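This is a predicted model, so every value here is computed, not measured. Protein chains get the first letters and strands the later ones, always in sequence-line order, with residue 1 at the start of each.
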Protein chains: 2
Amino acid sequence: MIEKLLLKLRARDAVAPEEEEALLGAMGEVEDIPARKTVVKRGETLNRSMLLVEGLMCRFKDLRSGRRQITALHVAGDFLDLHGFTLKHLDHDVMSLAPCRIALFPHDRLTRITEERPHLTRLLWFSTNLDAAIHREWELSLGQRTGPSKAAHLLCELYTRLQIVGLIGEGRFDLPMNQTEFGECLGLTVVHTNRVLRELRERGLAHFRNGKVRIYDMERLRAFAEFDPTYLYLAALAR
Amino acid sequence: MIEKLLLKLRARDAVAPEEEEALLGAMGEVEDIPARKTVVKRGETLNRSMLLVEGLMCRFKDLRSGRRQITALHVAGDFLDLHGFTLKHLDHDVMSLAPCRIALFPHDRLTRITEERPHLTRLLWFSTNLDAAIHREWELSLGQRTGPSKAAHLLCELYTRLQIVGLIGEGRFDLPMNQTEFGECLGLTVVHTNRVLRELRERGLAHFRNGKVRIYDMERLRAFAEFDPTYLYLAALAR
DNA sequence: CGTTATATTGAAGTGCGTCAAAAAGTGTGG
DNA sequence: CCACACTTTTTGACGCACTTCAATATAACG
């Protein structure tokens, strides 16, 4: 159940067998969630955090105009709201994009980890700091990159993150969301997102449609996106 | 030296006297930094984190085109790179905007805190999670708000954050940066930033020039910006 | 095989960028 | 106290990336 979490953590630091045990011991119920279901609403009091075991989830904030910004995407092995452990409630919603499986980690058990396992605590803390690093890269994309470059960059990021947890095959991966949602990650409307994706396709870089991504030329895609995976803090920079 | 940090933390949770002592005990050297000096470069190995005691600092990332995104602003009482404690190096630069005073916290002393003081550890963890919450709000601004709305929102945020540490007087505060830098927070060029600020002025909302902000009408400014301070996680929602 | 979600295209409008220059403010040295 | 250099703010003209509105095509699904 926590294999992908361990793959993710071990791509950054050593996890001792007894820490692995402690994580397993902190895990509670497992739930299956249908696609497009909100699992946490902003402001609601939290007493557990969720690990995404399988599927794709997002976090988002919206304006009264109806415009919505997806602030984070989460793949298998990611905690969805570990930050909720110290924040106690969230400033955003958390929603599934595809059918998902999640595992719950009661906060009292996480508190015990902070009391008994300083190194594991720092690992979990690291994990929320990694989320923040990704937020910063998205700020850079949202504020400064052009449409095509943002889109290419996001595809590179997802490729790298999915590769760590073994979900990439032959330059392809599943991205079970539609172009509206993809655009909501990039701060673009669907119409423009569609045009931007067409450009990536016509340039022979990548293809995204119907929840499937096909990378045509990773080297050129990375160059085009100015993608530097340093911000993903991979200890052994696996490409 | 850590008074403003304590004001900031106590606006969110109780800090016991012995925790205050522990923080003081973890503090090392104090340094004065001139304006516009880079204090951490991306990638450099860190063995201490910095608390901003006085002044204004920013973190930023840039593209080869020269376009730069400021991903965070920091006021007195903020840690600048507490996330560097678990990340070991940063994905961005940290730079002073005005002359600043900083206090260094060696990482080995922070490690001891994680070994001996779980509640204080969670408070420090919270503090990095608060930074991430602000990143998310900036993602929303960068991706979805219009120029004038972004600018108004940032002024509201800074007003609130500065108020917590006692740096607001009579609807005015110092913001020692120029319009180029203000624009780099918003993903706008100087030229457009200037026009956006003119609009806020002409609407009778706020004025920013030469490092000084004057709020003309806070109620209307907040409404205009759709500013909801929930994301700043103030326990007792002080306005 | 119809129904609904998703992707795609066209045309027109606009917010913001770019380029260029002027105006205003700030600091320094004589 | 003024002259000069530099930084910061402001304005104008023009172009383009992205939005909006509207419609059509294509795929997914019971």
TODO: Please work out if B/Val196 contacts a base, only the sugar-phosphate, or nothing of the nucleic acid, heavy-atom cut-off 4.0 Å.
DONE: nothing

Open item on the list: Does this structure show an ion pair linking A/Lys61 with B/Asp228, if we count only N-O contacts that are shorter than 4.0 Å?
Closed with: no

Open item on the list: Within residues 174-183 of chain A, which residues have any heavy atom lying less than 4.0 Å from an atom of DNA chain C?
Closed with: A/Asn178, A/Gln179

TODO: For A/Leu188, answer base if it contacts any base atom (sugar-phosphate contacts may also be present), sugar-phosphate if it contacts only those atoms, and nothing otherwise; contact means non-hydrogen atoms under 4.0 Å.
DONE: sugar-phosphate

Open item on the list: On DNA chain D, compare the nucleotides closest to B/Phe208 and A/His192; which residue's is nearer the 5' end?
Closed with: B/Phe208

- [ ] From the options C/dC16, C/dG25, C/dT9, select the nucleotide whose nearest atom is closest to the side chain of A/Arg198.
- [x] C/dT9

TODO: Let me know the distance between CD of A/Glu184 and C1' of C/dT6, rounded to the nearest Å.
DONE: 14 Å

- [ ] Take B/Gln144 and A/Gln69 through the side-chain hydrogen bond (donor to acceptor under 3.5 Å, both in side chains) test and state the conclusion after the steps.
- [x] CA-CA 7 Å; B/Gln144 307 295 350; A/Gln69 179 64 42; 3.0 Å; yes

TODO: Step by step, work out the side chain to side chain contact (heavy atoms under 4.5 Å, CB included) result for B/Met95 and B/Thr38.
DONE: CA-CA 4 Å; B/Met95 185 183 82; B/Thr38 297; 4.2 Å; yes

Open item on the list: Parallel, tilted or perpendicular, judged at 30° and 60°: which one describes the rings of A/Phe208 and A/Phe182?
Closed with: tilted

- [ ] Spell out yes or no: do the side chain of A/Arg195 and the base of C/dG10 have one donor N/O and one acceptor N/O closer than 3.5 Å?
- [x] yes

TODO: To the nearest Å, give me how far apart CZ (B/Arg36) and P (C/dT26) are.
DONE: 14 Å

TODO: Step through it carefully: locate the ring centre of A/Phe105, locate the ring centre of A/Phe79, and say whether they are under 6.0 Å apart.
DONE: yes

Task: Within the 6.0 Å centroid threshold, strictly below: A/Tyr233 and B/His89 - done: yes

Task: Residue whose nearest DNA chain D nucleotide is more 5′ - A/Arg145 or B/Arg201 - done: B/Arg201

Task: chain B contact limits on DNA chain D, taken 5' to 3' with a cut-off of 4.0 angstrom to heavy atoms - done: D/dT8 to D/dA13

TODO: Taking only the side-chain nitrogens and oxygens of B/Arg209, find out if one of them lies under 4.0 Å from OP1 or OP2 of C/dA24.
DONE: no

Task: Derivation and outcome, salt bridge (charged side-chain N to carboxylate O under 4.0 Å, His left out), residues A/Arg145 and A/Glu137 - done: CA-CA 11 Å; A/Arg145 285 191 240 257; A/Glu137 191 68 31; 2.4 Å; yes

TODO: Take the angle between the ring planes of A/His83 and A/His92 and call it parallel below 30°, perpendicular above 60°, tilted in between.
DONE: parallel

- [ ] Would you indicate, yes or no, if C/dT8 has its OP1 or OP2 atom less than 4.0 angstrom from a side-chain nitrogen or oxygen of A/Asn194?
- [x] yes

Task: Per B/Asn210 side chain, nearest of listed nucleotides C/dC19, C/dC16, C/dT26 - done: C/dT26

Open item on the list: Under a 4.0 Å threshold between the charged nitrogen and the carboxylate oxygen, would A/Arg67 count as salt-bridged to A/Asp62?
Closed with: no

Open item on the list: So A/Gly187, base contact, sugar-phosphate only, or nothing? Heavy-atom distance under 4.0 Å.
Closed with: sugar-phosphate

